[in-house]
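Throughout, protein chains are lettered first and strands after them, A, B, ... in sequence-line order, and every chain is numbered starting at 1.
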Protein chains: 2
Amino acid sequence: MRDQSSHVTMTHEQAVQTLLEHCDFDQQTETIPLIEAYHRVLAEDIVAKQDKPNCLTCLMDSVAVHWDDFENGMPDTSGWERGKQWEFANTGIGMPEGFDSAIVVENVTFSDDDTHVSFAAAPSARFAGTKPAGSTFKEGELLIWSGTVITPGIAAVIAEAGYTQVSVIRKPRVAFIPTGNELVPPQGAPARAKVVDSNSIMLRGKVREWGGEPITYDIVPDDPELIEQALRRACEEADIVVINAGSSKGSADFNIEVLEKIGTVFYHETNHGPGHHSSGAVVDGTPVVGISGPPRGAGFTSDFYLKPLVNQFLGQQPDDVTVLAKLTEDFPTMWHHAKSDKPVGEKRPSVARGDEEFYSIRFVHLSQDAETGELLVTPVGSKAGEIELEGTDAYYPCPSFPGAEKPKKGDMIRVILRAPRL
Amino acid sequence: MRDQSSHVTMTHEQAVQTLLEHCDFDQQTETIPLIEAYHRVLAEDIVAKQDKPNCLTCLMDSVAVHWDDFENGMPDTSGWERGKQWEFANTGIGMPEGFDSAIVVENVTFSDDDTHVSFAAAPSARFAGTKPAGSTFKEGELLIWSGTVITPGIAAVIAEAGYTQVSVIRKPRVAFIPTGNELVPPQGAPARAKVVDSNSIMLRGKVREWGGEPITYDIVPDDPELIEQALRRACEEADIVVINAGSSKGSADFNIEVLEKIGTVFYHETNHGPGHHSSGAVVDGTPVVGISGPPRGAGFTSDFYLKPLVNQFLGQQPDDVTVLAKLTEDFPTMWHHAKSDKPVGEKRPSVARGDEEFYSIRFVHLSQDAETGELLVTPVGSKAGEIELEGTDAYYPCPSFPGAEKPKKGDMIRVILRAPRL
């Protein structure tokens, strides 16, 4: 069997940083209809093409008048006609042309047929009860920076600014290559020792949420040539490539060897479990992220190592978002933890890696003390981790090496928020 | 002009509660491919259709052996052949058929041609180094409750459970009817006194994020008959109807009258601004939410009054999510606030509504003190509200009636989180 004792280990942070530094993204922009631009990233500043409002506008439901008629005090309005000396004017609507002042309806008495009016109060000055053109924003005013994610509310502002199309950053194409003789596509009950490839559906969803375009490859068996073919093709057609498992010490773990052959491997081990055998490589400038095979590790190693790349491509902040919260109870013992964790890839190092720093990823819930407002963090029970996990809000890398100081109930710990959903 | 002095006023909470109680939703389920089910709401419990793993499975990269060969201590393995007495077995993979115990590769010495093996340690017992079938979950085990939102991770679990299709709750159809003679669709510069209908694009995006199916109507002019036609049609084809503005005192505000004619209007005023003239009605069991016309109020009155209905339809928690946070600075003065707020619909009541309780909606940012972990809330500057708003995380209903106790810098206040994005 192969010797992989020379595994290069990096911390989570080193690994992300190294990959970010070495990928050479071919970012491009595209112009699309605003109506299809939700959640895309703006590639241009939005500058108002017109004033808003675009004319003198009434502030409240009012009657519009001419200030000149009031300059010398309250006029005799008995002979006034609607449309000549006065007109209705409504909240937020442009003043009828030629009228320059407004009297709120509360100060107006109307004849039964709404043709004649008398006023309890005169306008205080010319333009009373109105706001000028451009009082919300002026033509040429910068409204939204390039790089902003187009939320529904932002889309509305862009429409008001006079745009029906916008330039956005192209979605990164993210190819996922599931590898392993044991894998079968989801369909009916798998044969003995076969395992459903659930990572493809998990990754497709996550990549979409993050603003990328997923490309899912067929399952590739544990054959170095087939893996190399798939990797070469993926690095051609995708901006980011994800390949699962295959970086451990098994008799059929060829992925790292193939990557070493066709590209540069920066690490094959990280300082945490699950996900200990995550790997990172670059092939002709295309980053290749090796994630855990088992669902539990696959989910969060994607959050850890893939999302920062997608964010970077989209010009967004790649760093993890972390928060401080108070631990409400001690974490379950390593024994209990390990017992429920699959794969054991996360267990080996604490055996094999002696006194190197190693962190056991704990999955936690965030909540708030209704009285004090204190943020609280609660460990998620370990049983059936893959499922419960989905309810978790954050990760905590818990020190689990000889002599490590584990946090105790009541300690403030910094947890990594799970990738927010788009 | 019409007398609407008899406006029925409700608090935000009363209004939501009343609408929720009176709508008669025609919920249905539909079965769709799992691969298209991201973010949909499960309408069935997910029960494992098969064990996972489905056979005795190897825990670590190992060599598989027969316990019987070790029952009487370490055997002479010189004559052993791969495939007969031993076989490779890898992490998380089913044990080769017939083998019942595993020795980690770290304890195995292989001949150069990998055909012969010797062991540094014997298995501790039968099944050592393995986990049984069903150790992750067993056939028949309940894995995910009906009512769960299908995240990418949940989709993966559903696939592992043996499902390729799932039953989900049908998306609520949400119709939006933009009304107003002043409105024009987004395209080029509007004529004098015309205003771009930006609410349609805002609502389409929000409804999608919340898991609904938006239906956007053409702009309807201020004509009671056309408004009635549109409302009747919308209440026929949609589960929830949204109509903007038109519930104020203007000479062209017919929406409430029409709703009073064809349905039941529960309120035409709420105790906050912007959004003071929000309204709520039901036509033949279909809720009709009247939101503010101007973008700023339209956005958050949708969050306030539409999202709870969409959530209710989808069987999700309709209540606002609120958090306690410490105010980092006093809110801007009402004068400054009002000055920048459009429409003045939010200003009138503080004039007209005497000592009734009224709340001015403030838009705030949430952050955390890096040292103490305290949640902090910072008022968002008022200028160009429609735009800055999009950066805000939460709303705070600030008391703004005579004698109201306004929170001061350092106070803990409870803010309403903006609708999370799906």
Side-chain angles (χ1 to χ4, degrees), chain A residues 1 35 38 50 54-55 59-61 88 90-94 105 110 137 143 151-157 159-160 162 164 182 186-187 189-190 192-193 196 198 201-202 205-206 248-252 293-295 299 323-325 342-345 348 368 373 375 384 386-387 390 412 421-422, chain B residues 1 35 38 50 54-55 59-61 88 90-94 105 110 114 137 143 151-157 159-160 162 164 182 186-187 189-190 192-193 196 198 201-202 205-206 248-252 293-295 299 323-325 343-345 348 368 373 375 384 386-387 390 412 421-422:
Chain A
M1 61 171 281
I35 203 168
Y38 300 113
Q50 58 219 28
N54 68 1
C55 65
L59 282 177
M60 307 194 217
D61 295 331
F88 285 109
N90 293 323
T91 305
I93 309 297
V105 290
F110 296 87
F137 56 71
L143 299 184
T151 63
I154 291 281
V157 176
E160 289 166 18
T164 55
E182 75 280 14
Q187 57 190 19
R192 180 191 180 285
V196 170
S198 59
I201 196 164
M202 180 273 293
K206 280 184 182 279
S248 185
K249 300 184 180 179
S251 60
V323 295
L324 265 178
K342 319 146 198 82
V344 167
R348 182 192 290 120
Q368 183 178 41
L375 279 186
E386 288 95 340
I387 290 122
E390 282 314 309
M412 295 294 287
R421 286 186 268 156
L422 240 203
Chain B
M1 63 172 278
I35 202 167
Y38 301 113
Q50 58 220 27
N54 68 2
C55 65
L59 282 178
M60 307 194 218
D61 295 332
F88 283 109
N90 293 322
T91 304
I93 310 296
V105 290
F110 296 87
D114 275 358
F137 55 71
L143 300 183
T151 62
I154 291 281
V157 175
E160 290 167 16
T164 54
E182 75 280 15
Q187 55 189 20
R192 179 190 179 284
V196 170
S198 58
I201 196 164
M202 180 274 292
K206 280 183 183 279
S248 186
K249 299 185 182 179
S251 60
V323 295
L324 265 178
V344 166
R348 183 192 289 117
Q368 184 179 39
L375 279 186
E386 290 93 340
I387 291 126
E390 283 312 309
M412 294 294 286
R421 284 186 269 157
L422 241 202

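The contact between B:Ile35 and chain A is made by backbone and side chain atoms together, counting heavy-atom distances below 4.5 Å. Heavy atoms of A:Leu375 lying under 4.5 Å from chain B belong exclusively to its side chain. Looking at B:Ile93, only its side chain comes within 4.5 Å of chain A, counting heavy atoms on both sides.
In terms of heavy-atom proximity, A:Ala159 sits nearest to B:Ile201 at CB-CG2, 4.4 Å. Between A:Thr91 and A:Leu59 the shortest heavy-atom distance is CG2-O, 3.4 Å. Here the closest non-hydrogen pair linking B:Gln50 and A:Pro190 is NE2-CD, 3.2 Å. Here the closest heavy-atom approach between residue B:Tyr38 and residue A:Gly205 is recorded as OH-N, 3.3 Å.
Residues B:Leu143 and B:Glu160 are not in side-chain contact: their nearest non-hydrogen atoms beyond the backbone lie 4.5 Å or more apart.
Residue with the most contacts toward chain B among A:Arg192, A:Met202, A:Glu182: A:Arg192 (heavy-atom pairs, distance under 4.5 Å). For the set A:Gly94, A:Pro186, A:Ala193, the count of heavy-atom pairs under 4.5 angstrom toward chain B peaks at A:Ala193.
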